[in-house]
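For reference, the structure is listed below as structure tokens.
Just so you know, ligand 1 is whichever comes first in the structure, and atom 1 is the first atom listed for that ligand. Below, all heavy atoms of this structure are taken into account, side chains as well, without hydrogens, waters or symmetry copies.
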Amino acid sequence: MSTIAAISTPNTPGGIAVIRISGENALDVAEKIFIPAGGKNVSEMKGYTCAYGCAYDEKERLDDCILTIFRAPHSYTGEDTAEISCHGGLYVTKRILRAALKNGAVNAQSGEFTKRAFLNGKIDLTQAEAVMDIISAKGEKELRIAENLREGATYKKVKGISDDLMNMLGSLAAWTDYPDEDIPEVEPGYLLANLEAVRVRLESLIKNYDSGRLLRSGISTVIVGRPNVGKSTLFNCLSGCERSIVTDIAGTTRDAVEETVKLGDITLRLIDTAGIRQTFDKIEKIGVSIAEQAISSAELVIAVFDGNKDISEDDINIINKINLINSIAVINKSDLETIIDRGILEKYFKHIVYLSAKENNGIDKLKEEIEDIFMLNEKFFQDATVANERQKKCIDVCIDNVNKAIHAIENGEMLDAVNVLIDYAEQSLLELTGEKITDAIVNEVFSRFCVGK
Ligand code: GDP
């Protein structure tokens with residue numbers, strides 16, 4: 001494999017930048033462009049040691065640097081690796097990279113260092129994907145999921161299931177391949193019990209998938225309610241700025257306004273909608289219809305009610321338009337006297353929060369309820385889960401084949417047919433961990449990485 005080089009730090013000025021060189025000739029390249037101040041010989045440096053010195057482009061002195069050496073296989077990529085830390089200026093960093101390229105290295109492709117770690121057996125494919133998740137994590141929860149994945153929690157679970165399928169395949173092969181030997185026929189009951197157990201474990205791996213996905217992509221959320229209950233005030237309170245028009249004249253918010261807001265670690269893709277009510281105003285009518293569309297496609301609905309007023313017919317009309325599964329009733333204006341009949345709301349909503357949008361009170365409770373709805377609680381982090389659509393697809397294919405194998409046994413089909421289905425199930429798990437995978441999929445996974453990682 002060629003020796004690759006790239007700038008591993010962001011493409012922006014900073015305190016320090018790192019140029020990473022990896023491959024068979026990494027140390028030769030480093031030796032040609034870096035001279036240690038203390039007279040050390042780069043090619044004789046041990047792994048995990050550093051040298052202070054200077055980077056050069058031929059005779060031109062470029063910068064004072066630190067060179068760190070990693071010896072194969074004890075490096076990130078599993079290959080000999082040299083990392084040059086220089087001052088974090090864009091020009092000087094690019095010059096050092098250019099010097100490395102002049103002296104035998106080639107430009108690394110996106111994610112190529114991690115791809116090599118995978119190809120050299122340092123990590124499985126789920127752990128490689130976790131590296132990118134760590135880099136793109138926007139909060140503690142996302143980071144914890146990515147860390148679990150990187151530590152191999154998902155890999156270990158998948159490997160355990162894969163080993164069980166292998167055992168079944170082994171028993172079936174022994175019986176079908178050596179018909180003359182006195183090997184007892186595989187009991188369908190044994191296969192059924194094992195396949196059922198495998199299915200339960202597979203289902204537990206994908207049960208939290210949607211929660212993780214929503215944590216990464218944000219939850220599309222609409223705030224609904226009749227005019228003047230405080231939707232815009234709540235929207236502004238969540239987004240921390242005055243984006244919607246807040247007035248006490250009913251019907252002033254006419255189009256859907258979108259904003260991404262962070263509520264702790266949760267990202268809400270908030271859509272503020274026109275107050276829904278019976279209206280004869282043409283423009284307001286358009287706003288109302290936008291609101292109705294937003295409600296039907298939202299992943300979370302926050303239905304706002306004025307706690308200082310009785311529930312009206314308009315409130316009930318709105319409740320009837322919402323998918324109540326992922327919805328929260330917010331009883332707003334809790335700073336005023338509470339008049340609203342909570343009992344009526346309890347008939348419709350499992351999650352009810354008292355809040356004063358005007359005084360920014362009760363937002364923490366709203367956050368807790370959202371975490372509860374999407375199961376983003378402690379339990380979520382204890383369970384290994386699949387992290388992306390690729391992994392989810394592999395588990396789906398596996399479950400599908402396990403189900404087919406179960407039906408085949410129940411219908412008394414030949415064990416040869418069952419064998420094929422279990423084999424398909426096994427193959428999809430090997431694809432998930434990357435043990436058996438096409439180059440196209442590997443390239444696709446790593447193309448999403450940044451250069452230098
Ligand atoms: P929308 O039509 O539902 O978007 O309602 P607005 O956000 O425009 O608010 C309507 C009126 O209610 C404004 O005068 C707000 O200041 C007031 N309001 C909103 N939230 C609260 C609250 O929590 N407490 C009190 N006392 N007034 C509020």
Side-chain angles (χ1 to χ4, degrees), residues 219-261 263 268-298 300-324 327-342 344-345 348-349 351-370:
I219 303 167
S220 74
T221 306
V222 286
I223 301 180
V224 297
R226 63 182 169 79
N228 254 357
V229 291
K231 296 181 299 299
S232 304
T233 312
L234 175 63
F235 181 87
N236 291 333
C237 167
L238 290 171
S239 62
C241 67
E242 291 270 325
R243 282 260 340 248
S244 301
I245 321 148
V246 181
T247 72
D248 48 12
I249 308 158
T252 43
T253 317
R254 286 175 174 171
D255 36 350
V257 183
E258 245 195 273
E259 181 97 5
T260 297
V261 302
L263 206 52
L268 298 183
R269 287 186 286 114
L270 271 183
I271 305 155
D272 183 16
T273 57
I276 300 178
R277 60 168 187 168
Q278 294 281 346
T279 177
F280 298 104
D281 178 317
K282 229 173 154 188
I283 299 172
E284 203 189 328
K285 259 190 181 161
I286 297 170
V288 170
S289 111
I290 292 172
E292 288 179 0
Q293 275 169 29
I295 291 169
S296 62
S297 59
L300 170 69
V301 176
I302 299 177
V304 185
F305 300 90
D306 188 337
N308 186 237
K309 294 211 163 62
D310 280 324
I311 292 205
S312 70
E313 208 183 310
D314 276 344
D315 286 324
I316 298 294
N317 283 339
I318 289 167
I319 292 173
N320 288 331
K321 288 191 169 91
I322 319 173
N323 167 8
L324 291 164
S327 63
I328 297 177
V330 164
I331 300 179
N332 190 32
K333 309 196 185 181
S334 64
D335 52 300
L336 303 176
E337 187 192 348
T338 304
I339 293 173
I340 198 166
D341 183 348
R342 182 188 166 110
I344 298 178
L345 293 180
Y348 300 99
F349 294 94
H351 303 269
I352 300 178
V353 177
Y354 285 94
L355 192 144
S356 168
K358 194 174 180 182
E359 298 193 348
N360 203 344
N361 242 328
I363 301 292
D364 278 356
K365 189 80 184 83
L366 179 64
K367 177 179 148 255
E368 281 168 26
E369 294 295 330
I370 296 173

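- Residues passing the salt bridge (Lys or Arg N to Asp or Glu O under 4.0 Å) test with Lys367, sequence neighbours excluded: Glu371.
- At a 3.5 angstrom cut-off on N or O pairs, Leu355 does not count as close to ligand 1.
- Residue-ligand proximity, Leu336 to ligand 1, at heavy-atom distances under 4.0 Å covers atoms 26 (N).
- Contact annotation: for Asn332 versus ligand 1, heavy atoms closer than 4.0 Å belong to the side chain alone.
- With contacts defined as side-chain heavy-atom distances shorter than 4.5 Å, the pair Ile319/Phe305 qualifies.
- Across all their heavy atoms, Asn332 and Gly230 have their closest contact at ND2-CA, 3.5 Å.
- Where the criterion is an N or O separation shorter than 3.5 Å, residue side chain and backbone included, Glu359 fails it with respect to ligand 1.
- Every N/O-N/O distance between Ser334 and ligand 1 stays at or above 3.5 Å.
- In this structure, Leu263 and Leu268 have side chains that are in contact, with non-hydrogen atoms separated by less than 4.5 Å.
- Considering backbone and side-chain atoms alike, Ala357 places an N or O below 3.5 Å from some N or O of ligand 1.
- Look at Gly225 and you'll find every heavy atom at least 4.0 Å from all atoms of ligand 1.
- Of the candidates Asp306, Thr233, Thr338, Asp306 is the only one forming a side chain to side chain donor-acceptor pair (under 3.5 Å) with Lys333.
- Remark: ligand 1 atoms within the under-4.0 Å shell around heavy atoms of Asp335 are 22 (C), 23 (O), 24 (N), 25 (C), 26 (N).
- Between the CG atom in Leu270 and the OG atom in Ser239 there is a gap of 7.0 Å [rounded to 0.5 Å].
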